[in-house]
2 protein chains.
Amino acid sequence: MKREQILKAGLKLFVTHGLHAVTIAQIAAEAKVGIGTVYRYFGSKEEIVQQIWITQKSEESAYIFNKYTQQGSLRSQFDFLWERVIRYFLEHPLEFQFSYQFAASPILTKEIHEVAMMDFLKFDELYAMGLEQNLFKPLTARRLRLFTFSTINGWLLWAMDEKMDIDDATIALFLQMCWDSIKA
Amino acid sequence: MKREQILKAGLKLFVTHGLHAVTIAQIAAEAKVGIGTVYRYFGSKEEIVQQIWITQKSEESAYIFNKYTQQGSLRSQFDFLWERVIRYFLEHPLEFQFSYQFAASPILTKEIHEVAMMDFLKFDELYAMGLEQNLFKPLTARRLRLFTFSTINGWLLWAMDEKMDIDDATIALFLQMCWDSIKA
DNA sequence: TAAAACTGACGGAATATTCCGTCAGTTTTT
DNA sequence: AAAAACTGACGGAATATTCCGTCAGTTTTA
């Protein structure tokens, strides 16, 4: 409970002010929790960031894979999963900003990234199938997945920044672009 | 001279340790400059970041557009420019990391982004021409440009992270993917 | 009622920022 | 053209400020 409040407060403050400008005291205040309590749960500001990252990725994957069934054409599965990614971020702009800002941060170690990204390996199975069927350009499943993910990430950044309103047709066209980019 | 040393030192330290973990004293030491001198040129750590951003984007565009001529087919111009972007970042990994890390940072205001991105508007002319010729999907030139840029940015992050070695063929395939994604 | 969780005031370490003496280079005076 | 006066960039010691992390006291839980 308190732990989640702290993570939530940290997420909000880090995104809006930047890591360097946020103090533990501010986080405690935002979380409506004593400073000491923050230290009960986390050893440092950096650890808070790491735990936000892990928690966030876990919630993200829960959202994405909830209701996912490996039925229908490969293309429809592709669309389903990536659309979920897009919708998750559109509905959670703070989480998106956080995800983008810290993706390349030296605070997050390779191990943390590996753990946090575990769930996303399911995407690779999809891409592997596509490769078997010669649907995609000759790269590894992992690289194709990372490529699409990067594209979506970047696109969302400016889409949100420009407060572009994103309707179903926009998403459909965008997914088409993602598909076309890796199509054989 | 001293100013550049400070910016260079800041770039290196921010990328390797993260903004929050770097002190002005460290920057001064790395730049082989007195602490007071840092304050002669910059008002605060945040201002250093902003000036690095502006300087970096300016150097990047100088590199990209140097030798660029609006000759040849649209596709060859497309390839030329984006290949320059890719090569600039491959040759300047610190700058790339910095660029990626701070792209979504709250330290950089809209104004700074606008000023720093001014030079990149030339890309839009190219895309506008493509749109006139019905070569591209029906989006604005700006959006198409941002889409390609996002794609490249994201791709490079992973490529560098995985220490993937990137030869001419890889770049060519990648540019093909960029083209295919926006092609009508 | 004992244990666990929580709180926030506090001391001191870390850090940002200021301030001033120095001196290499430049201009003015004689 | 030599000497004197001036200038302001510079470094880093000194100061001001912030922030961390602890712990004694309080509240909640079981």
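Residue numbers start from 1 in every chain, and the chains themselves are labelled A, B, ... in the order their sequence lines are given, proteins ahead of strands. Hydrogens, waters and symmetry mates are skipped; everything else that's a heavy atom, side chains included, is used.
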* Structure fact -> Note, DNA chain C 5' to 3' with Watson-Crick or G-U pairs under 3.5 Å encoded as ( ), [ ], | and . gives ||||||||||||||||||||||||||||||
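Between the CD1 atom of B:Ile6 and the C1' atom of D:dC10 there is a distance of 11 Å, given to the nearest Å. The separation between B:Met1 atom CE and C:dA24 atom P is 18 Å, rounded to whole Å. Atom CD1 in B:Ile27 sits roughly 8 Å away from atom P in C:dA16 (whole-Å rounding). Rounded to an integer number of Å, the gap from A:Gln5 CD to C:dA5 P is 16 Å. Whole-Å rounding puts the A:His17 NE2 to D:dT18 P distance at 16 Å. Going from atom NZ of A:Lys32 over to atom P of C:dC6 covers 17 Å, rounded to whole Å. Between the NZ atom of A:Lys2 and the C1' atom of D:dT28 there is a distance of 10 Å, rounded to whole Å.
Ranking D:dC10, D:dG12, C:dT15 by closeness to the B:Thr37 side chain, first place goes to D:dC10. The side chain of B:Thr23 sits closest to C:dA16 out of C:dA16, D:dC10, C:dT7.
Within the 4.5 Å cutoff, the side chain of B:Gln70 has no heavy atoms near those of the B:Leu126 side chain. Contact annotation: the side chain of B:Trp53 approaches that of B:His113 to within less than 4.5 Å [non-hydrogen atoms, C-beta and beyond].
Cation-pi geometry between A:Arg75 and A:Trp179 is met: under 6.0 angstrom from the ring centre, within 45 degrees of the axis.
Proximity of the aromatic rings of B:Trp155 and B:Phe174 is defined here by a centroid distance below 6.0 angstrom, and this criterion is met.
Taking side-chain N and O atoms only, B:Lys45 has no distance below 4.0 Å to OP1 or OP2 of C:dT17.
Taking the six-membered ring for Trp and thresholds of 30 and 60 degrees, B:Tyr127 and B:Phe136 have ring planes inclined between 30 and 60 degrees apart.
Using a 4.0 Å heavy-atom cutoff across all strands shown, A:Tyr41 reaches sugar-phosphate atoms only and no base atom. Across all strands shown, B:Ile35 has heavy atoms under 4.0 Å from base atoms, whether or not it also approaches the sugar-phosphate.
Under the side-chain hydrogen bond (donor to acceptor under 3.5 Å, both in side chains) test applied with B:Tyr63, the options B:His92, B:Glu91, B:Glu95 reduce to a single match, B:Glu91.
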Do any N or O atoms of the protein come closer than 3.5 Å to N or O atoms of nucleotides 19-23 of chain C, and which pairs are they?
none

* To do: Start with the C-alpha distance between A:Phe80 and A:Phe65, add both sets of side-chain angles, then the distance that settles ring-ring contact (aromatic ring centres under 6.0 Å, His included), and finish with yes or no.
  => CA-CA 10 Å; A:Phe80 177 88; A:Phe65 291 108; 9.0 Å; no
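A salt bridge does not link B:Arg142 to B:Asp124: none of the charged side-chain nitrogens sits closer than 4.0 Å to a carboxylate oxygen. One finds a salt bridge joining B:Asp168 and B:Arg87 here, because a Lys/Arg side-chain nitrogen approaches an Asp/Glu carboxylate oxygen to under 4.0 Å.
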